[in-house]
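Worth knowing before you read on, the calculation uses all heavy atoms, side chains too, and leaves out hydrogens, waters and symmetry mates. None of the values given here were measured: they were computed from a predicted structure. Residue numbers run from 1 in the order of the sequence given.
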Amino acid sequence: AMSRLHPVLHRLRGGLIASAQAYPGEPMRDPRTMDQVARACAAGGAAGIRAQGLADLALITQHVDVPVIGLWKDGHDGVFITPTLTHAIAVAATGCQIVALDATRRPRPDGLTFAQTVAGLKEARPDVLVMADCGSFEDAQRAVDAGVDIVSTTLAGYTGDRVKTDGPDLELLREVVAAFPDVPVICEGRVHTPEQAAAAMEAGAFAVIVGTAITDFASAGLVQSNDKPGKNVTGSSDLTPVADQFDLLVKLLPQAKTVGVLYCTAESNSDVQVKLAAQAAANHGLKLVRYSVSSSNEIQQVVESMVGKVD
């Protein structure tokens, strides 16, 4: 099954896709903020980004080198995830590789059926993949019949078709995976813990979509300070204990005099860690040499240039 995967899907397979979305009225509702969150997620290892809104997507697609799933949430009731063909074509124009659509049988604002919307989008933008956000097995069946590229469990528990489970709807996930072995099925919705993400993968998910942690909320512009955020932002930091790492380095390599640090100039979190490293190096009387890259493509070349110049 799935032996001839599209290159974009190959990159998502088995991965964690980070959802970088905020809604009107929320403190983080700013395209620049969502762009920073998406970049932090990609730098942290996310296989892809799911984001909403034309302004957010236009920024994010320029700044991350992982696949982007784009959508446009318009309204709050009924079909509001990329509700019309016009919305879908506009989302595709932002440069995202995948467009997500509500795949339920509920009436759409432009009067088109889901199948007509998919056909229209594929005709207008044959280069873009289509992801069906489903709320039931019947939605998934309809989506596969319409020729979508990806099915997801995004709307399970939100359309009245299924009970809203505490965590992800693994029962629906298993049913859809078993019925359509040739279609990538992504688990999205109420994946709150690593254990739940692992359970989704075990149930056959092609990939899992979740929210994610970032390194330094203050430098990313999300809060006023990490100690007193001043905003309604929650999450956990993946900041490494830089000072402790240098303490260990000195114990393991007491002869070391010069330490090289590889960091990404395009990533504010990297900048934070380099400053901490410089401070820790100075405390131990070590010389710190900075080596910068702007994308993952440059890492091998820069690392090779470090050989012989640092201890």
Novice: Is there a donor-acceptor pair under 3.5 Å between the side chain of Q52 and the backbone N or O of K73?
Specialist: yes

Novice: Please test L129 against V99 for side-chain contact (heavy atoms from CB on, under 4.5 Å), starting from the C-alpha separation and ending with a verdict.
Specialist: CA-CA 6 Å; L129 301 180; V99 174; over 6 Å; no

Novice: If you define the side chain from C-beta out and look only at heavy atoms, does anything of F246 sit under 4.5 Å from N283?
Specialist: no

Novice: Using a 3.5 Å distance criterion without hydrogens, assess whether the side chain of Q116 forms a donor-acceptor pair with backbone atoms of T113.
Specialist: yes

Novice: If you measure from CD on Q141 to CZ on F180, what distance do you get to the nearest 0.5 Å?
Specialist: 4.0 Å

Novice: Assigning hydrophobic clusters by single linkage (Ile, Leu, Val, Met, Phe, Trp, Tyr; side-chain heavy-atom cutoff under 4.5 Å), is I69 placed with V79?
Specialist: no

Novice: Are the side chain of D133 and the backbone of L155 linked by a donor-acceptor contact shorter than 3.5 Å?
Specialist: no

Novice: Step by step, would you call K287 with V259 a side-chain contact (heavy atoms from CB on, under 4.5 Å)?
Specialist: CA-CA 6 Å; K287 181 184 177 187; V259 178; over 6 Å; no

Novice: Quick check on the hydrophobic clustering: are V293 and V289 connected, directly or via other members, by side-chain heavy-atom contacts under 4.5 Å?
Specialist: yes

Novice: Using a 6.0 Å cut-off, check whether atom CG of D127 has over 12 heavy atoms from anything other than its own residue.
Specialist: yes

Novice: Transitively linked via ILVMFWY side-chain contacts under 4.5 Å: L59 with I17?
Specialist: no

Novice: Rounded to the nearest 0.5 Å, what separates atom NZ in K309 from atom OH in Y291?
Specialist: 5.5 Å

Novice: Would you confirm whether T153, through its side chain, and A156, through its main-chain N or O, come within 3.5 Å as a donor-acceptor pair?
Specialist: no

Novice: Taking 4.0 angstrom as the limit, do D56 and R29 come out as a salt bridge?
Specialist: yes

Novice: Assess whether atom CD of Q62 is packed by more than 12 heavy atoms of other residues, nucleotides or ligands within 6.0 Å.
Specialist: yes

Novice: For residues V274 and Q279, determine if any side-chain heavy atom of one lies less than 4.5 Å from a side-chain heavy atom of the other.
Specialist: no

Novice: Starting at CD1 of I150, measure out to CZ of F206 and round the result to the nearest 0.5 Å.
Specialist: 7.5 Å

Novice: Mind listing the closest non-hydrogen atom pair of L101 and V118 along with its distance?
Specialist: CD1-CG2, 4.0 Å

Novice: For V151 versus A143, what's the shortest heavy-atom pair and its separation?
Specialist: CG2-CB, 4.4 Å

Novice: So how far is it from I186 CD1 to C134 SG, rounded to the nearest 0.5 Å?
Specialist: 11.0 Å

Novice: Check for a donor-acceptor pair, side chain of H6 on one end and backbone N or O of V8 on the other, with a separation under 3.5 Å.
Specialist: yes

Novice: Are any side-chain N or O atoms of R125 and backbone N or O atoms of V91, one a donor and one an acceptor, separated by less than 3.5 Å?
Specialist: no

Novice: Between T159 and R106, does any side-chain donor sit less than 3.5 Å from a side-chain acceptor?
Specialist: no

Novice: Assess whether a salt bridge exists between D169 and R174, defined as any Lys/Arg side-chain N lying under 4.0 Å from an Asp/Glu carboxylate O.
Specialist: no

Novice: Determine whether R50 and L71 satisfy the following criterion, side-chain contact (heavy atoms from CB on, under 4.5 Å), listing intermediate values before the conclusion.
Specialist: CA-CA 8 Å; R50 180 172 160 117; L71 56 136; 3.5 Å; yes

Novice: Ignoring hydrogens and angles, tell me if any N or O in the side chain of T82 forms a donor-acceptor pair with the backbone of A100 under 3.5 Å.
Specialist: yes

Novice: Closer than 4.0 angstrom, basic N to acidic O: yes or no for R142 and D145?
Specialist: no

Novice: Assess whether side-chain contact (heavy atoms from CB on, under 4.5 Å) is satisfied between R108 and T117, documenting all intermediate values.
Specialist: CA-CA 10 Å; R108 309 178 83 82; T117 306; 3.5 Å; yes

Novice: Calculate, to the nearest 0.5 Å, the distance between atoms CG and CZ belonging to D102 and F80 respectively.
Specialist: 8.0 Å

Novice: Of the non-hydrogen atoms in S19 and Q21, which two are nearest, and what is the gap between them?
Specialist: OG-NE2, 3.1 Å

Novice: Please check if V128 and L54 belong to a single hydrophobic cluster, counting links between Ile, Leu, Val, Met, Phe, Trp and Tyr side chain heavy atoms closer than 4.5 Å.
Specialist: yes

Novice: Is I98 reachable from I81 through a run of hydrophobic residues whose side-chain heavy atoms are each under 4.5 Å from the next?
Specialist: no

Novice: Output yes when K122 and D149 qualify as a salt bridge under the 4.0 Å nitrogen-oxygen rule, no when they do not.
Specialist: yes

Novice: Taking T61 for its side chain and T94 for its backbone only, find out whether a donor-acceptor pair lies under 3.5 Å.
Specialist: yes

Novice: What are the two closest heavy atoms between A200 and L173, and how far apart are they?
Specialist: O-CD2, 3.4 Å

Novice: For I49 and A42, which heavy atoms make the closest approach, and how far apart are they?
Specialist: CD1-N, 4.3 Å

Novice: Do D311 and Q255 have side chains that approach each other closer than 4.5 Å (heavy atoms only, starting at C-beta)?
Specialist: no

Novice: Identify the two heavy atoms, one from V302 and one from S292, that lie closest to each other, and give their separation to 0.1 Å.
Specialist: CG2-O, 4.0 Å

Novice: Within a reach of under 6.0 Å around CD of E298, are more than 12 heavy atoms found that belong to other residues, nucleotides or ligands?
Specialist: yes

Novice: Would you give the length of the straight line joining atom CD of Q196 to atom OG1 of T165, rounded to the nearest 0.5 angstrom?
Specialist: 9.0 Å

Novice: For the residue pair D161 and E138, establish whether any side-chain heavy-atom pair is separated by less than 4.5 Å.
Specialist: no

Novice: Are the side chains of P67 and L9 in contact, using a 4.5 Å heavy-atom criterion?
Specialist: no

Novice: Salt bridge (charged side-chain N to carboxylate O under 4.0 Å, His left out) for D35 and R39? Distances and angles first, verdict last.
Specialist: CA-CA 6 Å; D35 179 43; R39 285 157 65 182; 3.3 Å; yes

Novice: Does CZ in R190 sit with more than 12 non-hydrogen atoms of other residues, nucleotides or ligands closer than 6.0 Å?
Specialist: yes

Novice: If we count only N and O atoms by modelled type, under 3.5 Å, do the side chains of H87 and D110 hold a donor and an acceptor together?
Specialist: no

